[in-house]
S.K.: 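The structure is given below, and queries will be raised subsequently.
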Protein chains: 2
Amino acid sequence: MTITMHDVAKLAGVSIKTVSNVVNDYQYIKPETRARVLEAIESLGYTPNLSARGLRSGRTGVISLIIPDLRNAYFAELADSVMRAAADEGLAVLIQQVGGKRAAEIEALHGPRMTNVDGILYSVLALDESDVDQLVIDTPLVLLGERIFNGPTDHVTMHNIEGARAATEHLLAQGRRRLVAFGAHPGEVIGSAGLRLVGYREALEAAGVEFDESLVVTVGNWHRADGAEGMREFLAKGIPFDGVVAFNDSIALGAMRVMQDAGIRIPADAAVIGFDDIDETRYTLPSLSTINPGRDEIARVAVQYLKERIAGGAHSIPPREYLADFELIERESSHAGG
Amino acid sequence: MTITMHDVAKLAGVSIKTVSNVVNDYQYIKPETRARVLEAIESLGYTPNLSARGLRSGRTGVISLIIPDLRNAYFAELADSVMRAAADEGLAVLIQQVGGKRAAEIEALHGPRMTNVDGILYSVLALDESDVDQLVIDTPLVLLGERIFNGPTDHVTMHNIEGARAATEHLLAQGRRRLVAFGAHPGEVIGSAGLRLVGYREALEAAGVEFDESLVVTVGNWHRADGAEGMREFLAKGIPFDGVVAFNDSIALGAMRVMQDAGIRIPADAAVIGFDDIDETRYTLPSLSTINPGRDEIARVAVQYLKERIAGGAHSIPPREYLADFELIERESSHAGG
DNA sequence: ATGAAAGCGCTAACAC
DNA sequence: GTGTTAGCGCTTTCAT
């Protein structure tokens, strides 16, 4: 029924080992032997059985990408970047959605699926530093995002504080003084929300602008709908403001829509800047200024780190931290004098 | 090093087969035996090796989803729907991006990765009916989308013609008569673009409105940027129009942005309706009317079909066609009298 | 530069 | 109800 190395070996008149050598690009094979084997492979339409290879070698050529949710544009674009980087390294990607639920996030790390992948790229939302121990597993793991620093694994993310600071300074430079910090998570210290709030405060302080607690708006989830709702509630309070530093693009877009409905002109009455540089920010009305977090770089480095761990053993070298460069992208929503 | 069934069997004082029975929920096991085995599994932290299971049983519990590109919101949301449906059936999903390139689309079906998945959900763009033969493979395959009808496999998609017709009729009912068909692919007969153009023409005909070739705008790719460019070129021609039937939401949004820049009020000067009901259409300015293609239903049925094929053999029963219900969603961009 | 043999961890077939 | 045995297709080790 299925064609195995045996069949190829028989047809080519060599041993199964030689076929294996050819398939795995082993160096020292007589060119004519190799040619004969390749011909046999071709004519039989042989493809190696990856389960068998996985069982024998312990490598499947598959890595897992664990994320909250593909409907979130940030993660969809991250997944795209990761899959491209992985494809360049000959790795396939198995995506697991865990929906931002802590139990699911942790469970995904310990299920049987782990025996089927060579390594894990882990970008989740609900974890915190008390869960560090959960990250110590036999499968190589690279952590993405802001939940844990100095953990037991490699960690690749962006310069959050500096990015938020740059975004805030960008609005301050236009003379704006009442800037909403939009998307805060109360009590959070080292998640994206926590770090970005730090950057926001640093920028205010450096500019001599007093921090005003009433301008910090909590937005629990970071989908568009949550941004819309958060802004609706904030506007209802009637607190004056002239700019919004949103902690991601999706909530910025949701908020912009609500602001516009309320007759607020962007950027004339209030400038807006987001975070993530998702595709659609170029085409909204107005287009959205944002911080490009260096997603491609993050994906490339993370896959690279993971590959090294897979080759060398999960705990062969001490954990590394990598912070990708960010870039401020100025568009219409924060156009000076707009 | 790794813990196997043997270890569990030894600890529980049973044979390896009994462990296997417990792991696979075999019915006839003495409750106390099962309990003893489960305890041993727990205390050793045993997880089954999926590569071994895959090799032995021929099933991996993984299905492949082959799509053009996750950056396209439609496919990201489709992937999300598919992963949820698959998770409900205990299946993991390996996503392969093929970028809308025909060679890559075909190759993905014949590579070694196929030996590692139980089945394939296949939603691609460049294939056409001349490629039908490529779909005849041993791995169960369910086709999504509009490229091939009555092919050799199960096929799940939406009512394209009827959906486009409903969208067009919606604008005609407001008295609009100069409707742009936006996103056409010249020469295409049975792709999404071809079918939606048929629906558009049917609606015109039924309303007694003459078809005007100059209102059919070609947009090759269906990303936001392509919609923006297509509309820019169309506006340059100065052809009058009072409505746009866009063949997907992304190009509708790109086009809307360009129209607004040109001073066209939506919907007052021109109404716009899209296709796909991607999340962001609720939050744009104006919000975008659209056709909901029934993505969740498509995903659910497709996974169901695939499961049946996996259980029963790829070619056990004749190929099936399933067309999901669509729904017209009226939002601001086509608000009557707007 | 190539071959022979062992066995990765599991499930299927059959025995008891 | 549970145990025994064989072997899925491959890579690894060792030999030549």
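Chain naming here is simple, since letters A, B, ... match the order of the sequence lines and numbering starts at 1 in each.
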S.K.: Give every residue pair that meets the salt bridge (charged side-chain N to carboxylate O under 4.0 Å, His left out) criterion with at least one member in residues 123-132 of chain A, sequence neighbours excluded.
M.R.: R102(A)-D131(A)

S.K.: Counting only heavy atoms and a strict 4.0 angstrom limit, can you tell me which residues of residues 35-42 of chain A come near DNA chain D?
M.R.: none

S.K.: Could I get the full list of salt bridge (charged side-chain N to carboxylate O under 4.0 Å, His left out) partners for D154(B), not counting sequence neighbours?
M.R.: R309(B), R320(B)

S.K.: Looking at D80(A) and R84(A), is there a salt bridge between them, counting it only when a charged N and a carboxylate O are closer than 4.0 Å?
M.R.: yes

S.K.: Could you list the residues that satisfy ring pair (Phe, Tyr, Trp, His ring centres under 6.0 Å) with Y322(B), not counting sequence neighbours?
M.R.: none

S.K.: I'd like to check the side-chain contact (heavy atoms from CB on, under 4.5 Å) partners of Y26(B); sequence neighbours left out, ordered by chain and number.
M.R.: N21(B), Y28(B), I29(B)

S.K.: Which residue pairs pass the side-chain hydrogen bond (donor to acceptor under 3.5 Å, both in side chains) test when at least one of the two sits in residues 58-69 of chain B, sequence neighbours left out?
M.R.: T60(B)-D118(B), S64(B)-Q96(B), D69(B)-H223(B)

S.K.: If you compare every side-chain N and O of T33(A) against the phosphate oxygens of dT2(C) (OP1, OP2), does one of them come in below 4.0 Å?
M.R.: yes

S.K.: Which residues satisfy the side-chain contact (heavy atoms from CB on, under 4.5 Å) test with D279(A), sequence neighbours excluded?
M.R.: E77(A), R282(A), R71(B), R224(B)

S.K.: With sequence neighbours excluded, tell me which residues meet salt bridge (charged side-chain N to carboxylate O under 4.0 Å, His left out) with E39(B).
M.R.: none

S.K.: According to salt bridge (charged side-chain N to carboxylate O under 4.0 Å, His left out), does anything in residues 140-151 of chain A pair up with another residue at least two apart or in another chain? List the pairs.
M.R.: R147(A)-E188(A)

S.K.: I need a per-nucleotide contact map over nucleotides 8-14 of chain C, read 5' to 3'. Cutoff is protein heavy atoms under 4.0 Å; write B for the base, S for backbone only, - otherwise.
M.R.: BBBBBB-

S.K.: Going 5' to 3' on DNA chain D, which nucleotide is the first and which the last to come under 4.0 Å of a heavy atom in chain A?
M.R.: dG9(D) to dT13(D)

S.K.: For residues 42-52 of chain B, which side-chain donor-acceptor pairs fall under 3.5 Å, sequence neighbours excluded?
M.R.:
{"residue": "S43(B)", "atom": "OG", "partner": "A40(B)", "partner atom": "O", "Å": "3.4"}
{"residue": "N49(B)", "atom": "OD1", "partner": "S51(B)", "partner atom": "N", "Å": "2.8"}
{"residue": "N49(B)", "atom": "OD1", "partner": "A52(B)", "partner atom": "N", "Å": "2.9"}

